[in-house]
Amino acid sequence: MFRQREPLRPPGPPPRVVGLDGRTHTPGEAVPAEHVRLHQAFLGRIIDYLCADAGVRQFVDWGCPVPGTADRVRSVDPDATVVHIAPQGAAGVLVAPDHAPVLPGDGVGSESLLRRLDTGGLVDLDEPVAVLMTRTFCADSPPTGLDALHRLMRGGGYLALTSTAPRVEVERAFAPFRPLEPGVADLAWWPYPDEDVAAEGSGVLAGLGRAPGRGGGTTRWR
């Protein structure tokens, strides 16, 4: 079901991005290279499945943890759209070499921000949309407002999350989305069973949840 690829590298100098630790990193500043590589590879597997197998053509990169997300989307589907949501204070310095829109937004699952994306024509919530909230959250800062996000996805959609919280808390965070197999797993291994992976895990849990469409959406939805 999933297609394994190497993560893409955007051309030109490294952009300023919101790092996996929540800080804004500038060119030349040290970022844990292995964590970025694993995160890009996880997003690549997610994007490959959503574009090629689930027919999703709208992506919201919420948190902008690593560069190259829009490039990866468009390498699979050149007609797909991508919107970046950067934390307040970071949107002005986030370089988007892919020319995708960049909007400021604090918090996770902001209903008002998602409605703004819809009314502004950046996403169509009557069609499937994938929200990639993969800026890793910890146990004391779980994502909020995901029930509102689920309700707004009239045409269905997907939600990706990553976390350093205990497994039970990460599984709870997905509600009311329905996690796809194998559920929550280490970011370095997902979606493969642990016993099939020889490499050491990253210690970060990840998963992909689905919100079925409620009618009136695209015929591409599966």
Atom pair CG/CH2 of L205 and W190 - distance to nearest 0.5 Å: 13.0 Å

With sequence neighbours excluded, what pairs up with T162 under the side-chain contact (heavy atoms from CB on, under 4.5 Å) test? H39, F42, T134, T136, L187, V204, A206

Under 4.5 Å between any side-chain heavy atoms of L50 and L208, yes or no? yes

Between A173 and P143, what is the shortest heavy-atom contact and its length? CB-CG, 4.1 Å

Measuring from atom CZ of R72 to atom CG of L43, what distance do you get when rounded to the nearest 0.5 angstrom? 9.0 Å

Between V129 and M153, which heavy-atom pair has the shortest distance, and what is it? O-CE, 3.8 Å

Close side-chain approach of I85 to D61, heavy-atom, < 4.5 Å: no

Could you check whether any side-chain heavy atom of L149 comes within less than 4.5 Å of a side-chain heavy atom of M133, counting everything from C-beta outward? yes

Side-chain touch Y192/R45, heavy atoms, less than 4.5 angstrom: yes

Note: R116 and P104 closest approach over all heavy atoms is NH1-O, 4.4 Å

Can you tell if the side chain of D77 reaches within under 4.5 Å of the side chain of R57, non-hydrogen atoms only? yes

Would you say the side chain of L103 lies within less than 4.5 Å of the side chain of L122, judging by non-hydrogen atoms? yes

Rounded distance (nearest 0.5 Å) linking atom CG of D118 with atom CG of L113: 11.5 Å

Which value, rounded to the nearest 0.5 Å, describes the distance between R154 atom CZ and D126 atom CG? 4.0 Å

For a side chain to side chain contact (heavy atoms under 4.5 Å, CB included) check, start with the C-alpha distance between L161 and F174, then their side-chain angles and the critical distance, and finish with the verdict. CA-CA 8 Å; L161 294 175; F174 268 106; 3.9 Å; yes

So F59 and L132, do their side chains get closer than 4.5 Å, heavy atoms only? yes

Straight-line distance of F137 CZ to T144 OG1, nearest 0.5 Å: 11.0 Å

Here the pair of heavy atoms bringing G209 nearest to L180 is C-CD1, 4.2 Å

Write down the atom of H84, the atom of C64, and the distance for their closest heavy-atom approach. CB-SG, 3.6 Å

Between R74 and A100 the two heavy atoms that sit nearest each other are NH2-CB, 4.1 Å

Are H150 and F177 close enough that some pair of their side-chain heavy atoms sits under 4.5 Å apart? yes

Donor-acceptor under 3.5 Å (Q58 side chain, P128 main chain): yes

How far does OG of S163 sit from CD of E169, to the nearest 0.5 angstrom? 7.5 Å

When you measure from the side chain of D186 to the backbone of G203, do you find a donor-acceptor pair of N or O atoms at a distance under 3.5 Å? yes

